[in-house]
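Scroll down for the structure; my scribbles are underneath it.
Index from 1, following the sequence. As the structure is a prediction and not an experimental result, all values here were calculated from the model.
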Amino acid sequence: MLKLNNSDITLSQSATDKIDAIKNIAKSLNDKGLVESDYVSGMLNREKQNSTFLGNGIAIPHGTTDTRSMVKTTGVAVHHYPQGVDWGDGNTVYLAIGIAAKSDEHLSILKQLTKVLGADGVEEQLRKSASEQEIIALLNGDVQLEADFDASLVQLNFPASDMLQMSAVAAGLLKNTGCAENAFVADIVSKSPTHLGKGLWLVGSDKSVTRSGVSFVSTANDCQYEEQPVHALLAFSACNAAHQPLLNNLSRIVFNNEQEKLLQADIEQVLALLKGETTANQQDLADENQAVFKIKNAHGLHARPGAMLVAEAKKFESNIRVANLDGDAKPVNAKSLMKVIALGVKHGHQLQFTAEGPDASVALQSIGSAIASGLGEG
């Protein structure tokens, strides 16, 4: 497996388009003595055949099989584009990993990138990276990409009689799961939460935080804070921006005046609502919001076509779930690469997509077209 080091990465690059970017990356590969000068033709031809965009702001330009003879030594040249490069089809690349491979070493890189490609907010972290070590840590999975939020961080109907108890419980959940230390709890308890309407409150802190996480506590008691009702409190610990996607989903819930959905939800529904997913008992949708497509890719949904599928789903506002009808048929979030890859989709398997939202019908049509076109593999 290839291991990145600082000398592999060139920071703060710019390019007019992906062709310009690929030529510059090919030059870096050549300057490092990894390839012959004509290898650039193979990289450009490979891009003409199918886009090397993977998703989440990452592309892996590499040569064709007939230019492998031009590879002297297996290696990579990574170019960082803070302003982004238009990679076609509405995709923007912030990190291009140019690969010189004598055989199929690029597959190991794809495997390494699975976590990065499946997490929200990676593009922004790549864009803002200021050092080679930041990029290496991100690609190696050493950076927390998704906030901790599971059943252990949800406490429903706690018998709290005031906001102080709610804050202590919410902060305590984050402390008990390893997201924060005692000083965090003290800071949360001393803060005045923000009222989001209908008795839903929000509070957060970055003091003595070890991991980004979110907790949710509700109470069945009739209590108030600042003359407003208190029904539930959401608390977050922030050591990076990993919690932001959950807060974005919370903002949508509040904007749509749907706080009751959270206040009346069970644990599974709370988790799904804040993660932007749907639960099994929310799948009673109209037939036009469901579609089944057969996977034509010879090797099924491995990392690259899986990433293309996820990238297509992420273009739409609707919640999109996918189930492998030839597997265990359990639906997962179609916008999570790790979950899509975990479906174990092989050639000929049938995938059932369910979409819920304002652009559900268009989303299913677009996903069907992407699958029919081979998800970047022709």
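- Of the possible donor and acceptor atoms, one in the side chain of Ser131 sits under 3.5 Å from a partner among the backbone N and O of Glu134.
- Looking at Val85 and Asp20, their side chains never come closer than 4.5 Å, going by heavy atoms from C-beta outward.
- A 6.0 Å sphere centred on NZ of Lys191 holds more than 12 heavy atoms belonging to other residues, nucleotides or ligands.
- Two residues are said to be in side-chain contact when any heavy atoms from C-beta on lie closer than 4.5 Å; Val40 and Asn30 fail this criterion.
- In this structure Ser190 satisfies the side chain to side chain donor-acceptor pair (under 3.5 Å) test with no other residue, sequence neighbours excluded.
- Residues passing the salt bridge (charged side-chain N to carboxylate O under 4.0 Å, His left out) test with Lys198 are Glu260, sequence neighbours excluded.
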Please lay out, stage by stage, how Glu123 and Leu126 fare under the test side chain to side chain contact (heavy atoms under 4.5 Å, CB included).
CA-CA 5 Å; Glu123 293 102 324; Leu126 286 173; 5.8 Å; no
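- Note on residues 304-356: pairs passing ring-ring contact (aromatic ring centres under 6.0 Å, His included), not counting sequence neighbours, are Phe293-Phe353.
- Applying the salt bridge (charged side-chain N to carboxylate O under 4.0 Å, His left out) rule to pairs touching residues 39-64 yields Lys18-Glu47, sequence neighbours excluded.
- Taking 4.5 Å as the limit, every side-chain heavy atom of Leu95 sits out of range of all side-chain heavy atoms of Ile9.
- Every pair tested for salt bridge (charged side-chain N to carboxylate O under 4.0 Å, His left out) that includes a residue from residues 213-223 fails, sequence neighbours excluded, so the list is empty.
- Put simply, CD on Glu356 and CD on Gln290 are 11.0 Å apart, with the number rounded to the nearest 0.5 Å.
- Within the 4.5 Å cutoff, the side chain of Phe236 has heavy atoms near those of the Leu202 side chain.
- Here the closest non-hydrogen pair linking Ala26 and Val35 is O-CG2, 4.4 Å.
- When the side chain to side chain donor-acceptor pair (under 3.5 Å) test is applied to Gln244, the partners found at least two apart in sequence or on another chain are Asn248.
- Side-chain N or O atoms of Glu312 include none that pairs as donor or acceptor with a backbone N or O of Leu309 at under 3.5 Å.
- In this structure, Lys315 places its NZ atom where more than 12 heavy-atom neighbours from other residues, nucleotides or ligands lie under 6.0 Å away.
- When all heavy atoms are compared, the tightest approach of Gly98 to Ile25 is CA-CG2, 3.5 Å.
- With hydrogens and angles ignored, the 3.5 Å screen pairs a side-chain donor or acceptor of Lys275 with a backbone N or O of Phe149.
- Checked against side chain to side chain donor-acceptor pair (under 3.5 Å), Gln224 has no partners two or more places apart in sequence or in another chain.
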From CA spacing to verdict: side chain to side chain contact (heavy atoms under 4.5 Å, CB included), Leu173, Gln155
CA-CA 8 Å; Leu173 290 174; Gln155 175 70 61; 4.0 Å; yes
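- Partners of Tyr225 under the ring pair (Phe, Tyr, Trp, His ring centres under 6.0 Å) rule, at least two apart in sequence or in another chain, are Trp201.
- Of the possible polar contacts, none joining the Lys335 side chain to the Ile320 backbone as a donor-acceptor pair under 3.5 Å is found.
- There is no side-chain donor-acceptor pair under 3.5 Å between Thr64 and Asn45.
- When side chains are defined from C-beta on, Leu234 counts as touching Val214, because their heavy atoms get closer than 4.5 Å.
- Leu246 and Leu200 fall within the same hydrophobic cluster, defined by Ile, Leu, Val, Met, Phe, Trp and Tyr side-chain heavy atoms under 4.5 Å apart, directly or through other members.
- Side-chain N/O atoms of Ser129 and His80 include no donor and acceptor closer than 3.5 Å.
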Can Ile135 and Leu138 be said to form a side chain to side chain contact (heavy atoms under 4.5 Å, CB included), step by step?
CA-CA 5 Å; Ile135 292 174; Leu138 189 61; 5.6 Å; no
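- Within 6.0 Å of the CD atom in Gln83, the count of heavy atoms belonging to other residues, nucleotides or ligands does not exceed 12.
- For the pair Val185/Ile188, no side-chain contact is recorded, criterion being any heavy-atom separation below 4.5 Å from C-beta on.
- Nearest heavy atom pair, residue Asp187 against residue Ser205, reads OD2-OG, 2.6 Å.
- Panel note: side chain Thr210, backbone Gly178; a donor-acceptor pair is recorded below 3.5 Å.
- Lys102 contributes atom NZ, which lies 10.5 Å from atom NZ of Lys72 (distance to the nearest 0.5 angstrom).
- Side-chain atoms of Asn324 come within 3.5 Å of backbone atoms of Leu343 as a donor-acceptor pair (strictly under, hydrogens ignored).
- Two residues are said to be in side-chain contact when any heavy atoms from C-beta on lie closer than 4.5 Å; Thr354 and Pro331 fail this criterion.
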Could you tabulate the donor-acceptor pairs under 3.5 Å formed by side-chain atoms of residues 156-167, not counting sequence neighbours?
| from | atom 1 | to | atom 2 | distance (Å) |
| --- | --- | --- | --- | --- |
| Ser161 | OG | Gln165 | OE1 | 3.0 |
| Asp162 | OD1 | Leu164 | N | 3.2 |
| Asp162 | OD1 | Gln165 | N | 2.9 |
| Gln165 | OE1 | Ser161 | N | 2.6 |
| Ser167 | OG | Met163 | O | 3.1 |

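- Considering only residues two or more places apart in sequence or on other chains, Glu317 meets the salt bridge (charged side-chain N to carboxylate O under 4.0 Å, His left out) condition with none of them.
- Interatomic distance, Tyr39 OH to Leu29 CG, rounded to the nearest 0.5 Å: 7.0 Å.
- In this structure, Leu250 CG and Phe255 CZ are separated by 14.0 Å, a value rounded to the nearest 0.5 Å.
- A salt bridge links Lys32 to Asp8: at least one charged side-chain nitrogen sits closer than 4.0 Å to a carboxylate oxygen.
- Here the closest non-hydrogen pair linking Cys179 and Asp148 is SG-OD2, 3.4 Å.
- With Ser237 contributing its side chain and Gly213 its backbone, the two residues share a donor-acceptor pair below 3.5 Å.
- Put simply, Tyr94 and Ile99 are part of the same group of oily side chains (I, L, V, M, F, W, Y) that touch within less than 4.5 Å, one to the next.
- With hydrophobic clusters built from ILVMFWY side chains whose heavy atoms lie under 4.5 angstrom apart, Leu54 does not share a cluster with Met43.
- Listed for the Asp359 side chain is a donor-acceptor partner under 3.5 Å among the backbone atoms of Ser318.
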For Val345 and Asn297: C-alpha separation, side-chain torsions, deciding distance, then whether side chain to side chain contact (heavy atoms under 4.5 Å, CB included) applies.
CA-CA 10 Å; Val345 181; Asn297 301 67; over 6 Å; no
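- Lys23 pairs by the salt bridge (charged side-chain N to carboxylate O under 4.0 Å, His left out) definition with nothing, not counting sequence neighbours.
- Using a 4.5 Å heavy-atom threshold, the side chains of Gln125 and Leu145 count as touching.
- In this structure a side-chain-to-backbone donor-acceptor pair under 3.5 Å is present from His62 to Ile60.
- The salt bridge (charged side-chain N to carboxylate O under 4.0 Å, His left out) test applied to Asp142 returns no partner, not counting sequence neighbours.
- At distances below 3.5 Å, not a single donor-acceptor pair connects side-chain atoms of Asp86 with backbone N or O atoms of Asp17.
- Tested against Ile58, the residues Val78, Leu139, Val93 include a single side-chain contact (heavy atoms from CB on, under 4.5 Å) partner, Leu139.
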